[in-house]
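Chain naming here is simple, since letters A, B, ... match the order of the sequence lines and numbering starts at 1 in each. What you see below is based on every heavy atom in this structure, not just the backbone, and it leaves out hydrogens, waters and symmetry mates.
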Amino acid sequence: MKQQGIDDLSNACEKTDDGVKWKQLEHKGPYFAPLYEPLPDDVKFYYDGKPMKLNVATEEIATFYAKMLDHEYTTKEIFQNNFFYDWRKEMTSEERKKIKHLEKCDFKEMHKYFVDKNEARKALPKEEKQKLKEEADKIQEEYGYCILDGHREKIGNFKTEPPGLFRGRGDHPKMGMLKKRIMPEDVIINCSKDSQTPEPPSGHKWKEVRCDNTVTWLASWTENIQNSIKYIMLNPSSKLKGEKDWQKYEVARRLKGVVNKIRSQYRADWKSREMKKRQRSVALYFIDKLALRAGNEKEEGETADTVGCCSLRVEHIKLHPELDGQEHVVEFDFLGKDSIRYYNKVPVEKPVFKNLQLFMENKDPGDDLFDRLNTTVLNKHLQDLMDGLTAKVFRTYNASITLQEQLKALTDAEDNVAAKLLSYNRANRAVAILCNHQRATPKSFEKSMQNLQAKIDAKKEQLGEAQMELKRAKADLKAKKDSLLAEGKQLLKLNVQATDKEENKQIALGTSKLNYLDPRISVAWCKKFGVPIEKIYNKTQREKFAWAIDMADEDFEF
DNA sequence: GGAAGGACTTGCGAGCACTCTT
DNA sequence: AAGAGTGCTCGCAAGTCCTTCC
């Protein structure tokens, strides 16, 4: 591997303001999605029952739709309309004259072609598969790494996104629109001046090559659906990302020091004469207590209708003066990030309840609950309370502190490793529930639960038998006792497994583990209770959290 | 001061790869 | 050896929050 530029950095970019500021960045540029291969002649598209040869560009877009035929997306009207509208834009004028209705388009042959092709690929002999893997590894090796200030670092996403049909989440108004192919002419390269500038594919040029050491991306382009910029950045295992991660948790730890003061302050503000302050203090209470997201405004009609705290509308909450024997209950029901439903019934303190009644007076269901508040206002206030404080820090703080407290409460030093891990998972789960990290119940859940139960029943029987035998055979006592003990232990372990699985049915632990829980808490816990770190972090996670594994000893306190 | 643009983190699900069972 | 089940990686959408521009 070339190590050019490590010793000679005299030519490197200089920028003096704060920020990332690397001295050397060298890479190969993005790896481009493979070009379109036209369909064989015998795979036909039919319009109105008659075969029709499409122009290559038109055909390519048709294949995007054909590939998705058995996906639910293609049954949705918005998806169909958006696709058809964009498809027609790319047709030749003759094609456009002919193809006027999507219902008359028959993609079935094309669809079958791709299904078959996919199966053929899966059925490939081992050696062929091995060869394909080696080719992929070669590409990874060549394009998947960069050199940043003398260190070889893994890149997160070194490939451009392939063209296709946009799939939004939830009720997205743009679903089905055509995502265009990214060409070198769309791509901005960022690298140091002294480094070897990456070569664009032959016959092509980059949109721009720049040297901006205040940012961390290697390449970028603007996508055509939302007109937003996409970036090629480093892998979480990189030093740069690790340092940022560490910083994030340090900010959250600083919040720990002032959170009591902030809480008494927002409680006081519930009685403020200013409406703006009251709204701010109630919103902050939600963000703190319920770990809600900030809730930026969104452009209407451009994205799915989802909300966070500051963008909650009257229709998203119901007030119950009394519910199930509890007073002042707020019932939340709204779609949050990724159109995941947030549903929760929460007893709140009386002033909060009274304030909410006030905020909702004379408003329609579609009106903003906090009409005098937005995330900019809220974050400005938070910044005054603590340097670096923003709404999202509360999520990080409350997630991490909850893990630490739960681990303390649930872990029994006398337990075996399996039981300790159940405790760990339960603590992790408490956080995931707080942050509303959900998942669809896995498809094989019922079945695999039954299998596990069958195993447990079998083990119980074995245990019973061993007990009987022990009674019968007084001789050979030691061996029988041991086998009894072993069976008992296995049963316990299976029961633990089953409990864990059941409790985890609809909860996703990954997001909190990766993004909200200070890894030093987990590392310290492992060290303190003699649990190998591999039991809670897999290889990738250990790479991402290398900084924490290095740093934390068993008495680390968040 | 507010809209638009930009950079970066967070989030879920699909599909692949690996393991375990039969 | 094959098939099922599970864990892990990757893709890329969708957030947050800061900066820039008028």
Side chain of [X], heavy atoms from C-beta onward: which of [options] has the nearest atom to it?
X        : options               : answer
A/Gln226 : B/dG6, C/dA14, B/dT10 : C/dA14
A/Met233 : B/dA7, C/dG15, B/dC12 : B/dA7
A/Asn515 : B/dC8, B/dG11, B/dA7  : B/dG11
A/His437 : B/dG11, C/dC17, B/dA7 : B/dG11
A/Val215 : B/dC12, C/dC17, B/dA7 : B/dA7

In terms of ring plane angle, is the pair [X] and [Y] parallel, tilted or perpendicular, where the classes change at 30° and 60°?
X        : Y        : value
A/Phe158 : A/Tyr143 : parallel
A/Trp547 : A/Phe545 : perpendicular
A/Phe334 : A/Phe332 : perpendicular

Next item on the list: Please report the shortest heavy-atom distance between A/Pro198 and A/Trp206, naming the atom on each side.
Entry: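 That would be O-NE1, 2.9 Å.
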
Check: Starting at the 5' end of DNA chain B and moving along, which residue's nearest nucleotide shows up first, A/Cys435 or A/Thr216?
Finding: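 The residue closer to the strand's 5' end, by nearest nucleotide, is A/Thr216.
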
Check: Starting at the 5' end of DNA chain B and moving along, which residue's nearest nucleotide shows up first, A/Glu299 or A/Thr511?
Finding: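 Upstream on the strand: A/Glu299.
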
How would you label the contact of [X] with the nucleic acid (heavy atoms, under 4.0 Å): base, sugar-phosphate, or nothing?
X        : value
A/Gly510 : nothing
A/Ser220 : nothing
A/Lys392 : sugar-phosphate
A/Lys241 : sugar-phosphate
A/Ala391 : sugar-phosphate
A/Thr375 : nothing
A/Ile340 : sugar-phosphate

Short question: side chain of [X], backbone of [Y] - any donor-acceptor pair under 3.5 Å?
X        : Y        : value
A/Asp149 : A/Leu25  : no
A/Lys174 : A/Ala304 : no
A/Glu223 : A/Lys230 : no
A/Thr160 : A/Ala33  : yes
A/Arg520 : A/Ala548 : no

When you measure from the side-chain N and O atoms of [X] to the phosphate of [N], is any distance below 4.0 Å, counting only OP1 and OP2?
X        : N      : answer
A/Thr376 : B/dG1  : no
A/Thr306 : C/dG15 : yes
A/Arg167 : C/dA14 : no
A/Thr390 : C/dC17 : yes

Between [atom2] of [N] and [atom1] of [X], the distance in whole Å:
X        : N      : atom1 : atom2 : answer
A/Asn296 : C/dT19 : CG    : C1'   : 14 Å
A/Tyr231 : C/dC17 : OH    : P     : 17 Å
A/Gln247 : B/dA7  : CD    : P     : 18 Å
A/Lys337 : B/dC8  : NZ    : C1'   : 11 Å
A/Arg395 : C/dG15 : CZ    : P     : 12 Å
A/Phe394 : C/dT16 : CZ    : P     : 15 Å
A/Leu389 : C/dC18 : CG    : P     : 10 Å
A/His172 : B/dC12 : NE2   : C1'   : 16 Å

Polar atom pairs between nucleotides 9-12 of chain C and protein, under 3.5 Å, N or O only, would you list them?
unit_1 : atom_1 : unit_2   : atom_2 : d
C/dT9  : OP1    : A/Thr540 : OG1    : 2.1
C/dT9  : OP2    : A/Thr540 : OG1    : 2.9

Give every pair of a protein N or O atom and an N or O atom of nucleotides 16-18 of chain B that lie under 3.5 Å apart, one pair per line with the distance.
unit_1 : atom_1 : unit_2   : atom_2 : d
B/dC16 : OP1    : A/Arg121 : NH2    : 3.2

Notebook entry, point to check: Excluding sequence neighbours, so at least two apart, what forms side chain to side chain contact (heavy atoms under 4.5 Å, CB included) with A/Gln130?
Noted result: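 If we apply the side chain to side chain contact (heavy atoms under 4.5 Å, CB included) test to A/Gln130, skipping adjacent residues, the hits are A/Glu134.
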
Checklist line | Under 3.5 Å side-chain donor-acceptor pair for A/Thr222 and A/Asp186 | finding: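 Judged by distance alone, the side chains do not pair up.
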
